[in-house]
Amino acid sequence: MVFVLDKHKKPLMPCTEKRARLLLTRKRAVVHKMFPFTIRLKDRTVAQSVLQPLHLKFDPGSKTTGMAVLRGNESDPTEAEAILLGEIRHKPGIKHKLDKRRTVRRSRRARKTRYRKPRFLNRKREKGWLPPSLDARVAQTMSAVNKLLKLLPITSISTEHIKFDTQLIQNPNISGVEYQQGTLAGYEVREYLLEKWARKCAYCQATNVPLQIEHIQPKSRGGTDRISNLTLACHTCNQKKGTRTAAEFGFAGVQDQAKKPLKDAAMLNATRWELYTRLKETGLPVECGTGARTKMRRIRAGFPKSHYYDACCVGAGTPGALVIAQKYISVWTAVGRGSRKLCKTDKHGFPISHRSGKKNHFEFQTGDIVTATVPRGKYMGRHTGRVAARANGSFDIKDSAGKRIAQSVLHKHCRLLQRNSGWHYEKVKAA
């Protein structure tokens, strides 16, 4: 799929790669952007075009967020086609870097330096404050939303508001007993337990076997159906345990683990309202759904477990029939625009080197997407990736994961494709 803009840079319906090549060959279009690949028509405007309803769907995650764009069928509202499948890979290590910076600052406070008045007594957090690691995930998701709104005529947005509705798990009568005892009966509890216990038997750690919901404190001995008293067990362990408690069965740690909150679910619950608020600011109708409903629709559709297929099934308004013919998915990786550190330190916090004040070297900057044609040597061939620019003119080419795919490439062998935007774009084969 290729994004298409009109001559005023307004989004039109996307086209196939073959159609894009014909438009470029006939000089009816020009390349507007390389990543993601976008063309701009010279002889067409939005008023002269026919647009179809496009629905943008997200499946937020702690490390990866799935995204999908569905095109509705105006003649048959019960059918839709996926024209874009993709993943947003969030930038890792934010909390680790903050912890490292805090350690270095703490070591400075212990030294015999000039006195500075304490500032921790006058610091206040605004209402709705989120930790930087969580706020970054929301900001990266919104950055992808804004990019897609500029490239596609989106008419509505759907997002997985919460992974599990823990209040409805504890008390089904909060918003109606039909929610738990209707078509979603058992999906909330089962999905929560599968995530919490990593789809393994809590006793023998068996995987890829049918798992049963098991009471840690048996109901015959006063146990309840609360989520903190439930776990997963294979049929063999469930029969062996019988009416004994987990401690009597020799697994006292199971009860302690059951009481611990699910980290990823807690993260999603902490960011759900902020993401919902920012999505509403786009002015488009926003639909919400739960992870259990998403899983139910994915299983009924027969899709494999993946972030982008989950995104297709988000929301109650998902059509019953989904047509997915995509062989490749778009992977957008948030890599940032570099570091603000002016001084590198060792593990003890002592300075070992200082950065140069100059960012551009031979008209290249670290993070720019380039293509390098190496004429000879170990890395002979053509390589495309993010460049690590140096003042001596010897560059490295890296992929989205930061792995070197070419080393010590002369700057004259590099050609700029796109300036650094903090994102890396690639296509991988769909599952």
Side-chain angles (χ1 to χ4, degrees), residues 59-63 160-270 272 289-307 309-310 313 316:
D59 175 37
S62 59
K63 297 178 181 178
E160 194 174 274
H161 194 46
I162 48 177
K163 190 69 173 177
F164 318 102
D165 202 332
T166 53
Q167 287 183 320
L168 288 174
I169 291 175
Q170 301 289 354
N171 182 10
N173 295 314
I174 289 178
S175 60
V177 72
E178 295 83 5
Y179 188 86
Q180 282 291 96
Q181 297 179 356
T183 58
L184 281 175
Y187 273 91
E188 293 285 352
V189 177
R190 291 179 184 275
E191 179 66 6
Y192 182 87
L193 293 176
L194 286 171
E195 286 286 330
K196 186 174 183 63
W197 298 96
R199 290 172 169 78
K200 298 179 182 178
C201 175
Y203 302 111
C204 67
Q205 303 298 310
T207 58
N208 299 323
V209 296
L211 298 174
Q212 302 172 353
I213 296 180
E214 200 270 327
H215 292 77
I216 299 173
Q217 179 80 14
K219 295 187 70 174
S220 61
R221 298 176 59 179
T224 65
D225 290 329
R226 293 183 64 86
I227 197 68
S228 58
N229 191 48
L230 299 179
T231 184
L232 293 176
C234 62
H235 178 74
T236 303
C237 291
N238 199 0
Q239 293 298 317
K240 285 183 180 180
K241 180 175 177 291
T243 58
R244 291 179 289 177
T245 65
E248 294 171 350
F249 190 47
F251 294 89
V254 171
Q255 180 66 69
D256 297 333
Q257 186 176 352
K259 292 181 179 179
K260 292 181 180 179
L262 191 58
K263 184 178 179 181
D264 290 343
M267 185 277 295
L268 293 178
N269 284 336
R272 55 176 176 159
T290 65
R293 186 185 294 273
T294 300
K295 180 181 179 181
M296 179 188 67
R297 292 184 177 275
R298 177 174 56 80
I299 292 176
R300 290 182 177 179
F303 297 145
K305 171 63 178 172
S306 63
H307 298 285
Y309 286 129
D310 280 342
C313 302

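The figures that follow rest on heavy atoms only: side chains count, while hydrogens, waters and symmetry mates do not. Note that the structure is a prediction, hence the values are computed from the model and not measured.
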Carboxylate-amine/guanidinium proximity below 4.0 Å for Asp310 and Lys305: yes
Side chain proximity check, Pro218 to Lys241, heavy atoms < 4.5 angstrom: yes
Distance in Å, Glu214 CD paired with Gln239 CD, rounded so as to fall on 0.5 Å steps: 10.5 Å
Gap between atom CG of Asp59 and atom CD of Glu160 - 0.5 Å precision: 4.5 Å
Spacing of OG1 belonging to Thr207 relative to CZ belonging to Arg199, to within rounding of 0.5 Å: 12.0 Å
Backbone of Tyr309 reached by a side-chain donor or acceptor of Arg298 within 3.5 Å: no
Interatomic distance, Arg272 atom CZ to Thr290 atom OG1 [nearest 0.5 angstrom]: 11.5 Å
Check against side-chain contact (heavy atoms from CB on, under 4.5 Å), Leu230 and His215: CA-CA 5 Å; Leu230 299 179; His215 292 77; 3.6 Å; yes
Derivation and outcome, side-chain contact (heavy atoms from CB on, under 4.5 Å), residues Thr236 and Tyr203: CA-CA 10 Å; Thr236 303; Tyr203 302 111; over 6 Å; no
Euclidean distance, Leu232 CG relative to Cys237 SG, rounded to 0.5 Å: 11.5 Å
Nearest heavy-atom neighbours spanning Ala202 and Thr231: CB-OG1, 3.1 Å
Value rounded to 0.5 Å, distance of CG in Asn208 from NZ in Lys200: 10.5 Å
Step-by-step side-chain contact (heavy atoms from CB on, under 4.5 Å) determination, Lys219 to Asp225: CA-CA 8 Å; Lys219 295 187 70 174; Asp225 290 329; 3.4 Å; yes
Test item: Asn238 side-chain N/O and Ala233 main-chain N/O as donor-acceptor pair under 3.5 Å: no
Donor-acceptor contact present, side-chain Asn229 to main-chain Gly223, <3.5 Å: no
